[in-house]
Peer 1: 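My questions all concern the structure below.
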Number of protein chains: 2
Amino acid sequence: METGTPCTLCPLRRRRGFKPLDEPALAALQALKRGEMTVPAGGAILSEGETSCRLYTVLSGWAIRYKSLPDGRRQIMNILLPGDLVGLQGELMAAPAHGVEAVTEVRLCAFARSSLWDIFRGHPELGYDLTWLAAHEERLLDEALLSVGRRSAIERIAMVLVHLYRRAAAVGLERDGTVPFPLTQTHLADLMGLSPVHVNRTLQALRKRQLIRLHDGRLAIGDLSALRRVAEYWEQPAAQRPLL
Amino acid sequence: METGTPCTLCPLRRRRGFKPLDEPALAALQALKRGEMTVPAGGAILSEGETSCRLYTVLSGWAIRYKSLPDGRRQIMNILLPGDLVGLQGELMAAPAHGVEAVTEVRLCAFARSSLWDIFRGHPELGYDLTWLAAHEERLLDEALLSVGRRSAIERIAMVLVHLYRRAAAVGLERDGTVPFPLTQTHLADLMGLSPVHVNRTLQALRKRQLIRLHDGRLAIGDLSALRRVAEYWEQPAAQRPLL
DNA sequence: CGTTGATTTGAGTAAGATCAAGTCGGGTGG
DNA sequence: CCACCCGACTTGATCTTACTCAAATCAACG
């Protein structure tokens, strides 16, 4: 665990799309920061059932939040991108019922979980932001549940690709019409409640229709509106989000 | 909209399972309360896409929170029971992307949404509780997503029955080994991502195995541990929850 | 090279959807 | 009282989507 960049210089915070924070709040946040941490690709950030005394913000890299059944079936609940909070989800102070695993190498900004309470007391606006983030995460889950419960395989895949493209672009990962895409087809399967084989065939169908391109770890969308139409997906304009 | 019971006398608040609130916090809450409201069975509490300036707590009755696709397919995100908050989910101040509908007659306690900010500023402990509730809801969604994504039909139905039984019992709805169960099989289908016909056959299978009984609107569980085993479901002990 | 993980392809199958009736019970109006 | 209607629940038959199993390909890497 190293000290890392001070919050005032955090490169993420500069990005459009993140709500600017005023000087005192930033200072308070800095005071709570416990350092930075790097987890290698494939490494565990949180283990299912194990309590962590830390709370993290993803600074860079991709991670997955998942739950699994005793027999090994696994469901990915969400993909974590830079700016996302790790560890808020599981019942504020209790053991999380989910694991978090790095997909690529992940850089994290760590806070002491016990300082949560200080945030609420000392900086109500940060407490509000925290709740905003929780409500936002819930909205992502709603969308995922709708997909898995009611969309067909091709709709689900189209949906998740549009959605991840937008999220990645929103945190500045877009480069000439592509975003990095480190997920394997097995990840997509576990994310959308499908088998890996079926994901493969579905991706082929989308490629054949020229809707997407997927080359050396990057994703490009051929025809956004057509892809959205396939997914029956109309996203709401993204509000500026807080960053802790 | 009537004035209703003062928060200090709220019958829900007496129940074991709800965290007691101290005098000043209770008074603050009372000050924000805008009255009570009754919605008939089948009535809309929130419409998809429509902004509401209110925030509600369910006092009695059952409701569903759902999203739907343009072609009419519907996914229920959660069942709302007494003590649950309505309207926190959708991006704190923005239009909710979901609807909420009464299943039975529902009695609601209303707050002005604009007072959310006052809560955080004036009563950090209430702000914390709010976040706790959001994190808790997220946990419910996690469980639902795992079910719909990775559990078989019989596992899903077993799971949801165990889960709803516990939740209903936790808010005092249990009477000699049964809880009220106002959901139709179509509700269960929309909740678990199945067709109504298949829900019917699956319920029959559970009944044949003596695991559940479902009579005149009440649910009884024949063999809890067996039902849990079917569902591959091990729930964590319920912590005391806050009530707003 | 041999190994390892990801992707691809093919063949057979099963879980659950869809379609179509039909039943049951509780109102409602004549 | 009875005919009717409506919604929820049942049942049977058929069909489709997506799963499973198995094996081949491919690229990266030591």
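Chain A is the first sequence line, chain B the second, and so forth, proteins listed ahead of strands; every chain is numbered from 1. Remember, predicted model here, so these are calculated numbers, not experimental data.
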Peer 1: State whether Gln204(B) places a side-chain N or O below 4.0 Å from either non-bridging phosphate oxygen (OP1 or OP2) of dC9(D).
Peer 2: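 So the side-chain polar atoms of Gln204(B) never come under 4.0 Å of the phosphate oxygens OP1 or OP2 of dC9(D).
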Peer 1: Quick one: Asp190(B) CG to dA8(D) P, roughly how many Å, whole number?
Peer 2: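 For the pair Asp190(B) CG and dA8(D) P, the rounded distance is 12 Å.
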Peer 1: Which whole-number value in Å describes the distance from Glu155(B) CD to dG16(C) P?
Peer 2: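 After rounding, the reported distance stands at 9 Å.
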Peer 1: Would you mind telling me which residue lines up with the more 5' stretch of DNA chain C, Val197(B) or Val197(A), judged by nearest nucleotide?
Peer 2: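 The residue mapped nearer the 5' terminus is Val197(A).
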Peer 1: Please determine whether a side-chain nitrogen of the Lys or Arg among Glu232(B) and Arg73(A) lies less than 4.0 Å from a carboxylate oxygen of the Asp or Glu.
Peer 2: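 Arg73(A) and Glu232(B): salt-bridged.
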Peer 1: Using a cut-off of less than 4.0 Å, is there contact between a side-chain N or O of Arg207(A) and OP1 or OP2 of dT8(C)?
Peer 2: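 True: Arg207(A) side-chain N/O within range (under 4.0 Å) of dT8(C) OP1/OP2.
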Peer 1: Can you measure Gln185(A) atom CD to dC19(D) atom P for me and round it to whole angstrom units?
Peer 2: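 From Gln185(A) CD to dC19(D) P: 13 Å.
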Peer 1: Have a look at Ser152(B) and say if it touches a base, only the backbone sugar-phosphate, or nothing, with a 4.0 Å heavy-atom cut-off.
Peer 2: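 Answer is sugar-phosphate: Ser152(B) comes under 4.0 Å of backbone atoms only.
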Peer 1: In whole angstrom, give the distance that lies between atom NE2 of His198(B) and atom P of dT10(D).
Peer 2: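 The answer, rounded to whole Å, is 15 Å.
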Peer 1: Indicate, with a heavy-atom threshold strictly under 4.0 Å, whether Gly42(B) touches base, sugar-phosphate, or nothing.
Peer 2: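 No contact at all - Gly42(B) keeps every heavy atom at 4.0 Å or more from the nucleic acid.
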Peer 1: Counting only side-chain nitrogens and oxygens, does Asn200(A) get under 4.0 Å of the OP1 or OP2 atom of dT8(C)?
Peer 2: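 Checking dT8(C) against Asn200(A), a side-chain N or O does come within under 4.0 Å of OP1 or OP2.
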Peer 1: Nearest to the side chain of Ala153(B) - dC19(D), dA18(D), dG16(C)?
Peer 2: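 Taking heavy atoms from C-beta onward, the closest nucleotide is dG16(C).
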Peer 1: Once you apply a heavy-atom cut-off of 4.0 Å, does Thr184(B) come out as touching a base, just sugar-phosphate, or nothing?
Peer 2: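 Sugar-phosphate, no base atom in range.
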Peer 1: Looking across every strand, which nucleic acid part, if any, lies under 4.0 Å from Gly217(A) by heavy atom: base, sugar-phosphate, or nothing?
Peer 2: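 No contact.
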Peer 1: Does the distance from a Lys or Arg side-chain N to an Asp or Glu carboxylate O, for Arg218(A) and Glu174(A), drop under 4.0 Å?
Peer 2: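 The answer is no: the pair does not qualify as a salt bridge.
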Peer 1: Would you check if the side chain of Arg150(B) reaches a backbone N or O of Arg74(A) as a donor-acceptor pair within less than 3.5 Å?
Peer 2: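 A pair under 3.5 Å: yes.
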Peer 1: Can you measure Arg156(A) atom CZ to dA18(D) atom P for me and round it to whole angstrom units?
Peer 2: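 Checked: the CZ to P distance equals 7 Å.
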Peer 1: Without decimals, in angstroms, what is the distance between Met192(B) CE and dA17(C) P?
Peer 2: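 Value for this atom pair: 12 Å.
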Peer 1: Can we say Asp84(A) and Arg167(A) salt-bridge, meaning some charged N sits less than 4.0 Å from an Asp/Glu carboxylate O?
Peer 2: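 Salt bridge between Asp84(A) and Arg167(A), a charged N being under 4.0 Å from a carboxylate O: yes.
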Peer 1: Is a salt bridge present between Glu138(A) and Arg65(B), judged by a nitrogen-to-oxygen distance below 4.0 Å?
Peer 2: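 The answer is yes: the pair qualifies as a salt bridge.
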Peer 1: Which whole-number value in Å describes the distance from Arg201(A) CZ to dA11(C) C1'?
Peer 2: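 Rounded to whole Å, this separation is 9 Å.
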Peer 1: For Leu194(A) and dT7(C), give me the distance from atom CG to atom P, rounded to whole Å.
Peer 2: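 My rounded result for the distance is 15 Å.
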